[in-house]
Amino acid sequence: MLDFFLYDETEDNHSRYVGFVGDHGRYDLVIIQTGRFFGKALVLNTQSNRFGIIGSDDLQEEGYIAHILDLEPEQGDEVVEFLSDIIVTDFGDME
């Protein structure tokens, strides 16, 4: 039995499910944006069952997205290109 929770919160979020095809592969992603991750988004790669908490600063790190989402380098570049258009820095900026 659990004696206590470290946290147990409910929060509104913006979830986006997107599948697209690029020059180097097919991508099935879930992007969850909340106020929880300091302006970053929780991005899940449903093909590899890998995820990362990603912000615009992370998109600038060479090879980071490919590593965290278990993609080949060329695939990581395609995902970075896509995410660069949708990652917001503030929960209030979401539509």
Side-chain angles (χ1 to χ4, degrees):
M1 173 133 180
L2 299 175
D3 291 333
F4 63 94
F5 289 98
L6 295 177
Y7 55 86
D8 181 6
E9 301 171 5
T10 302
E11 182 177 22
D12 290 332
N13 68 68
H14 179 84
S15 302
R16 181 174 178 179
Y17 304 87
V18 62
F20 64 95
V21 176
D23 291 335
H24 300 284
R26 174 187 167 152
Y27 311 97
D28 296 292
L29 304 174
V30 178
I31 299 102
I32 301 170
Q33 295 173 308
T34 75
R36 179 80 177 166
F37 303 116
F38 306 102
K40 295 188 176 195
L42 179 62
V43 179
L44 298 91
N45 178 353
T46 61
Q47 292 181 354
S48 66
N49 294 321
R50 298 278 302 264
F51 68 92
I53 298 171
I54 299 172
S56 55
D57 58 331
D58 299 308
L59 298 174
Q60 305 302 317
E61 294 292 325
E62 184 70 32
Y64 177 72
I65 301 305
H67 171 73
I68 200 75
L69 297 179
D70 193 28
L71 300 167
E72 295 297 322
E74 299 84 12
Q75 293 174 317
D77 292 341
E78 289 183 328
V79 171
V80 166
E81 185 177 341
F82 171 75
L83 291 176
S84 294
D85 292 334
I86 63 164
I87 296 290
V88 297
T89 58
D90 181 27
F91 181 66
D93 291 344
M94 295 183 313
E95 295 177 2

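Quick note: numbers below take in every heavy atom, side chains included, and nothing from hydrogens, waters or symmetry partners. Keep in mind that what you see is a predicted model, and the values were worked out from it rather than measured.
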Can you list every pair that meets salt bridge (charged side-chain N to carboxylate O under 4.0 Å, His left out) and has a residue in residues 74-85, with sequence neighbours left out? none
Which pairs with one or both residues in residues 14-38 pass salt bridge (charged side-chain N to carboxylate O under 4.0 Å, His left out), sequence neighbours excluded? Glu9-Arg36, Arg26-Asp28
Sequence neighbours excluded, which residues qualify as side-chain contact (heavy atoms from CB on, under 4.5 Å) partners of Asp70? Ser48, Arg50
Per the ring pair (Phe, Tyr, Trp, His ring centres under 6.0 Å) rule, what does the pair list look like for residues 42-72, sequence neighbours excluded? none
Nearest heavy-atom contact between Ala41 and Ile87 is CB-CD1, 3.7 Å
To check you understand the geometry: which heavy-atom pair defines the closest contact between Ala66 and Gly76, and what is its length? CB-CA, 3.9 Å
Hey, quick one: are Val43 and Ile32 part of the same hydrophobic cluster, counting side-chain heavy atoms closer than 4.5 Å, chains of contacts allowed? no
If you count the non-hydrogen atoms of other residues, nucleotides and ligands that lie under 6.0 Å from OH in Tyr17, is the total more than 12? no
OH/Tyr27 to CG/Leu69 distance, rounded to the nearest 0.5 angstrom? 11.0 Å
Where the side chain of Gln75 meets the backbone of His24, is there a donor-acceptor pair that is under 3.5 Å apart? yes
Excluding Leu6, membership of its hydrophobic cluster (Ile, Leu, Val, Met, Phe, Trp, Tyr; side-chain heavy atoms within less than 4.5 Å) reads Phe4, Tyr7
Kindly indicate whether the side chain of Ile31, heavy atoms from C-beta on, has any atom under 4.5 Å from the side chain of Ile54. no
Just to verify, what does Thr10 make a side-chain contact (heavy atoms from CB on, under 4.5 Å) with, not counting sequence neighbours? none
Output the distance between atom CG (Leu44) and atom CG (Leu29), rounded to the nearest 0.5 Å. 8.5 Å
Pairwise side-chain contact, Phe82 with Val18, heavy-atom cut-off 4.5 Å (strictly under): yes
Treat each ILVMFWY residue as a node, draw an edge where side-chain heavy atoms are under 4.5 Å apart, and state whether Ile86 and Val79 are in one component. yes
Mind checking side-chain contact (heavy atoms from CB on, under 4.5 Å) for Phe37 and listing every partner two or more places apart, or none if nothing turns up? Thr34, Lys40, Leu42, Ile53
